[in-house]
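Report on the following structure.
Note that the coordinates shown come from a computational prediction; the quantities given were computed from them, not determined experimentally. By convention here, the first residue in the shown sequence is residue 1.
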Amino acid sequence: MYNKLYNQMKTNLSSQIKLDTVPRRHYAPQGDFDLTALTREEKIYTRIFETVNEGCDYLAMHIIRVIDLNLKEKGYCNIALGANDATLPVYKTLIERYQKGEVSFEKVNVFMLSEFVPSEDGKPLTFNRLKNAFLDHINIPQENVHPIRTDISMEDVYHYCKKYEKKIEEKGGLDLTILAIGPSGILGFNEPGTVATSRCRLVLLSGETRRAVSQEYKNEDIPNTAITLGLGNIMQSTRVMTMAWGEARASVIEKAIEGPVTPDVPASILQMHNHTRVALDLPAAEKLTRISSPWKVTSCEWTPKLIRRAIVWLCKKTGKPILKLTDKDYNDWGLGELLALYGSGYNVNIKVFNELQHTITGWPGGKPDADDSSRPERAVPYPKRVIVFSPHPDDDVISMGGTLKRLVDQHHDVHVAYETSGNIAVGDEDMLRYFLVMNKLAPMFGFDTEGYRHLSDDVMRTVETKHFGEADSLDVREIKTMIRQAEATIACRFVGIKPDHIHFLRLPFYETGAVKKGDLTEKDVNIVKKLIEEVKPHQIFVAGDLADPHGTHRVCTDAVLAAVDELKNEPWMQDCRIWMYRGAWAEWEIDHIEMAVPISPEELRFKRNSILKHQSQMENAPFLGDDDRLFWQRAEERNRATAQLYEELGLASYEAMEAFVRYQF
């Protein structure tokens with residue numbers, strides 16, 4: 001939650017970005033007939049909500065009903081609880097309902113879905129998280145809470161797991177399990193490949209799961225092993241309520257709910273459970289058929305974006321470019337409605353082809369002295385003042401390096417603002433490399449002073465004695481900040497950015513020295529706001545990587561959007577357009593793209609070289625996420641994939657493309 005003193009500014013505007021306007025009847029149908037038709041591809045009872053809060057209200061209501069039902073029938077209710085990020089807002093809602101007197105937990109028994117073992121000081125515990133977020137705020141008796149012990153020796157784990165199962169059985173079995181669908185569709189810590197009959201046991205956590213948990217617990221030091229209830233235990237629960245929020249889960253949600261039951265997606269086993277409810281927000285549901293391809297299950301309200309998405313989908317299904325689609329193709333693939341609306345497939349083809357053609361521009365700042373009626377950017381004013389906001393000191397060149405070079409070469413007044421220092425992403429070895437060089441240079445150039453030697457020895461000693469996950473000292477953080485600033489400066493000079501147009505904002509929320517960051521506050525927003533007021537830009541480029549795995553991109557975007565919201569009534573702000581870029585973690589879907597900037601082979605090589613200027617972020621970068629490719633590799637492949645898709649649709653063939661979506665404020 002953001003700073004309570006700072007609740008007047010809108011600090012969560014990124015969560016309100018809506019790329020599509022989904023008709024409410026698609027995700028919240030009124031009658032059973034419509035619901036049956038819309039959900040015929042879904043194999044688990046699923047409810048979709050516009051916001052996370054609405055989804056939590058729905059789940060809390062049904063959890064309270066289950067508790068009341070069991071209290072009436074047998075006098076108690078047994079619940080197994082997970083404790084990842086997606087479940088916490090549900091627990092917050094339950095606390096609010098408890099405080100209003102709508103539910104009592106006095107006769108509820110709580111069991112843990114999973115726990116890290118063995119336990120060591122400073123390492124995260126699921127139980128502590130659940131206790132702080134939920135159990136300490138309700139009237140549940142201490143004796144009704146059954147944590148998983150964390151001091152079990154490896155030799156005793158098997159027998160302990162059997163005893164824990166026995167305890168659940170003696171209490172009457174699980175009446176309800178509350179958990180979230182995790183990365184790769186994991187349930188609890190049941191990883192892909194887990195058999196459906198698995199029981200409570202010790203598991204080895206995968207690298208992907210540990211990375212996800214590290215982000216959720218804001219702690220790098222995640223244990224390698226954990227005890228988890230198995231899929232068999234979960235399936236024996238009378239009811240299961242699960243949830244997922246955000247576009248990062250969209251792909252696995254589609255597999256779990258609409259795909260086959262497979263060990264590769266553990267959550268898909270819930271298709272075999274008779275009383276499972278899934279709650280999703282719209283971003284998490286975006287790949288389900290009724291949201292992504294509604295024409296397959298219902299008649300549609302055909303917006304321009306939905307038409308574009310449908311035609312791109314049809315091209316992929318038929319293997320044809322847009323202008324070769326026939327009326328028969330439309331009818332064969334269930335898009336006959338469009339023929340009725342537009343008279344023929346050819347009319348739709350021309351419409352969509354022209355729309356996509358008009359997204360392509362080699363002039364991202366607008367082409368001077370040109371008709372801009374069908375171009376994504378205005379011809380005037382020229383040149384434009386531009387600010388490119390980069391969350392870390394390399395996101396600018398990773399995500400829009402080709403466009404950045406174009407803006408400079410086309411004589412726009414380009415500023416680059418690095419919002420965070422990025423110091424925690426510099427490895428100790430990268431820092432030591434600089435000291436090894438400086439130690440050789442010190443006597444040659446006369447700075448081999450006592451002060452320098454003390455600093456060098458202190459840094460060497462700190463690195464040698466540093467424990468895994470331990471925060472860097474202030475001196476080390478400052479040195480690592482200097483390294484990233486130097487790399488960013490070299491990259492900007494390579495691109496052609498003027499030295500006084502390079503801004504290192506060092507937003508305070510980031511400067512904790514650890515993966516866990518502070519909350520966005522007025523101080524952060526005012527720093528961004530001050531720069532915008534000084535430059536008075538005609539264009540702002542901002543990160544749109546809302547599925548960024550470590551959250552910094554989203555917070556940085558919120559800082560920019562909050563500042564824009566504060567300034568939106570200024571006369572000069574009326575002439576400013578905001579473009580959102582992606583590239584580090586994902587790319588925009590083609591039906592969302594509003595500006596596509598072609599990149600030639602030479603420009604793509606130039607972009608690669610500008611990314612490589614950030615040497616500390618090459619092979620040792622600690623936050624590559626689930627994608628093992630280096631940043632320059634993933635950027636190139638995504639840019640090439642965008643260009644290839646345009647080519648397959650029958651448009652011009654380019655080496656690569658960078659894509660942008662306009663933010664409306």
Side-chain angles (χ1 to χ4, degrees), residues 218-221 389-397 416-443 445-493 497 499-521 523-528 530-531 550-553 555-556 559 613-623:
K218 311 299 183 187
N219 191 318
E220 294 175 302
D221 196 10
F389 283 100
S390 178
H392 301 94
D394 58 355
D395 291 310
D396 55 332
V397 288
V416 177
Y418 298 106
E419 294 174 83
T420 70
S421 65
N423 52 26
I424 66 166
V426 177
D428 292 336
E429 290 182 0
D430 291 285
M431 180 186 65
L432 290 178
R433 182 186 301 121
Y434 286 89
F435 271 95
L436 292 173
V437 173
M438 288 192 296
N439 288 345
K440 297 291 185 182
L441 293 176
F445 291 93
F447 60 88
D448 189 22
T449 63
E450 182 178 350
Y452 172 74
R453 287 194 297 272
H454 176 75
L455 175 63
S456 179
D457 292 344
D458 184 58
V459 168
M460 297 289 186
R461 184 169 51 254
T462 298
V463 171
E464 289 174 359
T465 59
K466 180 180 174 183
H467 297 292
F468 180 80
E470 183 180 348
D472 288 326
S473 66
L474 287 173
D475 283 343
V476 169
R477 283 156 52 190
E478 192 62 30
I479 293 164
K480 290 183 176 182
T481 296
M482 293 178 185
I483 291 171
R484 296 220 64 180
Q485 288 186 355
E487 292 173 344
T489 300
I490 293 298
C492 280
R493 289 182 60 181
I497 306 295
D500 62 348
H501 283 29
I502 306 170
H503 309 273
F504 296 101
L505 303 185
R506 297 191 67 173
L507 297 186
F509 86 88
Y510 185 88
E511 299 301 323
T512 64
V515 172
K516 183 177 181 179
K517 302 305 174 193
D519 295 331
L520 187 68
T521 70
K523 290 182 180 179
D524 301 292
V525 176
N526 281 344
I527 291 171
V528 175
K530 183 174 182 289
L531 177 62
H550 46 77
T552 301
H553 282 212
V555 179
C556 287
K613 302 300 180 187
H614 297 270
Q615 295 179 10
S616 67
Q617 301 305 293
M618 292 302 103
E619 295 183 8
N620 295 325
F623 298 114

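- Distance check: His392 NE2 to Thr552 OG1 gives 4.0 Å after rounding to the nearest 0.5 Å.
- Atom-to-atom distance recorded for Ile424:CD1 and Asp472:CG is 9.0 Å, nearest 0.5 angstrom.
- With contacts defined as side-chain heavy-atom distances shorter than 4.5 Å, the pair Ile527/Pro508 qualifies.
- No donor-acceptor pair under 3.5 Å is formed between the side chain of Glu419 and the backbone N or O of Leu505.
- Shown here are the side-chain hydrogen bond (donor to acceptor under 3.5 Å, both in side chains) partners of Ser421, two or more places apart in sequence or in another chain: Asn423, Glu511.
- Within the 4.5 Å cutoff, side-chain heavy atoms of Val397 are placed close to those of His614.
- Ion pair Asp428/Lys480 flagged as a salt bridge, since at least one NZ, NE, NH1 or NH2 atom sits closer than 4.0 Å to an Asp/Glu carboxylate oxygen.
- Judged purely by distance below 3.5 Å, without hydrogens or angles, the side chains of Tyr452 and Asn439 pair a donor atom with an acceptor atom.
- Side-chain contact check for Thr420 versus Cys556: some heavy-atom pair is nearer than 4.5 Å.
- Taking Asp448 as the reference, Arg453 meet the salt bridge (Lys or Arg N to Asp or Glu O under 4.0 Å) condition, with sequence neighbours excluded.
- Using modelled atom types, one finds a donor on one side chain and an acceptor on the other under 3.5 Å when comparing Glu487 with Ser616.
- Between Val528 and Leu507 there is a side-chain heavy-atom pair separated by less than 4.5 Å.
- Considering only residues two or more places apart in sequence or on other chains, Asp457 meets the side chain to side chain contact (heavy atoms under 4.5 Å, CB included) condition with Arg461.
- Contact check for Phe509 versus Asp519: no side-chain heavy atoms found under the 4.5 Å cut-off.
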### Query
Under the side-chain hydrogen bond (donor to acceptor under 3.5 Å, both in side chains) criterion, do Asp395 and Tyr418 qualify, and how do the steps go?
CA-CA 9 Å; Asp395 291 310; Tyr418 298 106; over 6 Å; no
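- Between Tyr510 and Pro391, every side-chain heavy-atom pair lies at or beyond the 4.5 Å cut-off.
- For the atom pair NE2 of His454 and CD of Glu450, the computed distance is 9.0 Å after rounding to the nearest 0.5 Å.
- To the nearest 0.5 Å, atom CD1 of residue Ile502 and atom OG1 of residue Thr489 are 4.5 Å apart.
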### Query
Run the side-chain contact (heavy atoms from CB on, under 4.5 Å) check on Asp430 and Gln615 step by step: do they pass?
CA-CA 8 Å; Asp430 291 285; Gln615 295 179 10; 5.8 Å; no
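- Remark: Asp475 engages no residue in a salt bridge (Lys or Arg N to Asp or Glu O under 4.0 Å) (not counting sequence neighbours).
- A heavy-atom distance below 4.5 Å is found between the side chains of Thr521 and Asp524.
- Here the side chains of His501 and Val416 are not in contact, with every heavy-atom distance at 4.5 Å or above.
- Qualifying side-chain hydrogen bond (donor to acceptor under 3.5 Å, both in side chains) partners for His503, counting only residues two or more places apart in sequence or in other chains: His415.
- Side chain of Gln485 to backbone of Phe504: no donor-acceptor contact under 3.5 angstrom is found.
- Scored by the salt bridge (Lys or Arg N to Asp or Glu O under 4.0 Å) test, Asp394 finds Arg484 as partners (sequence neighbours excluded).
- To the nearest 0.5 Å, the span separating CG on Leu436 from CG on Leu441 amounts to 11.0 Å.
- Residue Ser390 holds its OG atom at 4.0 Å from CG of Asp396, rounded to the nearest 0.5 Å.
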